[in-house]
Every structure is written in C-alpha cells, then in structure tokens.
Amino acid sequence: MQLGVDSVVASIEQRLGQLQPELLEIQDQSDEHAGHPGAQGGGGHYQVLIVSRRFEGQSRVARHRMVYEALGAMLHKQIHALAISALTPQELQEAFPP
C-alpha cells in the first residue's frame, strides 16, 4: 500500500515524536526531484528541522542516527532522501536570536 504525501509527513511527525521535539518542521521536496531515477520507487524527498533536548551532548552523527532509528523502515519505502537539521534548543536560539 502506497501512502499519500500527507500520510507520509504525518507518519514522520508521529515517529519523530519519540525524540520529544520542541520544534519539528517537515518539508516535502519531492516535486523538486521529479524524474530523479532513485525516486522512481515511490519514495519522497524530505527536509526535517528537529529541535530537541535529547540532542544535548550528542554529536551530529549521533543525532542523525537517532532520527534514522526513529523513522525505521520508512527510510526504505516512503523516504528516498532525507536532509536533517537536528539542533538543541540552545543551538536554535544561538542561530536565530530573538
């Protein structure tokens, strides 16, 4: 069964909820990659901004692993490509001061 784009985004949001995000933005960029040979299997291209205290003290690689683990099998079916920005609340505040 192929999930619609809205269902995929909702599933990503639900699965990443286990990381207790304070901010979660998911952008579907699949239209920008129409005709891309790797996306012909139906998987979409997504960009995720996730801000969580769970990332404190974790390297960038460890943060990405946490996201990949949360998404599980979606990475092999519904998601073809994923761009991740994983920040702590402090890093977000430093990057975008009030």
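Treat the numbers as computed from the prediction; the structure is a model and nothing was measured.
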Is it true that atom CD of Gln47 has more than 12 heavy atoms of other residues, nucleotides or ligands lying nearer than 6.0 Å? yes
Would you say that Ser11 contacts Gln78 through its side chain, given a criterion of any heavy-atom pair below 4.5 Å between the two side chains? no
Close side-chain approach of Phe55 to Met66, heavy-atom, < 4.5 Å: yes
Atom pair NE2 (His80) and CE (Met74), whose distance is rounded to the nearest 0.5 Å: 14.5 Å
Note: Ser30 and Gly44 closest approach over all heavy atoms is OG-CA, 3.2 Å
Ionic contact status for Arg63 with Glu91, cut-off 4.0 Å: yes
Please answer whether the main-chain N or O of Thr88 pairs with a side-chain N or O of Arg54 as donor and acceptor at a distance below 3.5 Å. no
Take a 6.0 Å sphere around CD of Gln93 and say whether it holds more than 12 heavy atoms from other residues, nucleotides or ligands. no
Gap separating the CG atom of Leu23 from the CG atom of Leu92, nearest 0.5 angstrom: 6.0 Å
Is there a side-chain contact between Pro89 and Arg53 (heavy atoms, below 4.5 Å)? yes
If you group Ile, Leu, Val, Met, Phe, Trp and Tyr by side-chain heavy-atom gaps below 4.5 Å, do Val9 and Leu82 land in one group? yes
Close side-chain approach of Glu25 and Val48, heavy atoms under 4.5 Å: no
Give, for atom CD1 of Ile79 and atom CG of Leu71, the distance between the pair rounded to the nearest 0.5 Å. 4.5 Å
Do Leu49 and Leu24 touch side chain to side chain, with heavy atoms closer than 4.5 Å? no
Do you reckon Val61 sits in the same ILVMFWY cluster as Val67, going by side-chain contacts under 4.5 Å, direct or chained? no
What I'd like to find out is whether the side chain of Glu13 reaches to under 4.5 Å of the side chain of Ile26, using heavy atoms alone. yes
Single-linkage hydrophobic cluster Leu19~Val51, side-chain heavy atoms < 4.5 angstrom: no
Give the minimum heavy-atom separation between Leu16 and Pro21, together with the two atoms involved. O-CD, 3.5 Å
Under a 4.5 Å side-chain heavy-atom rule over Ile, Leu, Val, Met, Phe, Trp and Tyr, are Val8 and Tyr68 clustered together? yes
First locate atom CD of Gln29, then atom OH of Tyr46, and finally report the distance between them rounded to the nearest 0.5 Å. 10.5 Å
Just how far is it from atom CD of Gln58 to atom OG of Ser52, taken to the nearest 0.5 Å? 10.0 Å
Can you measure from CD1 (Ile84) to NE2 (His64) and round to the nearest 0.5 angstrom? 5.0 Å
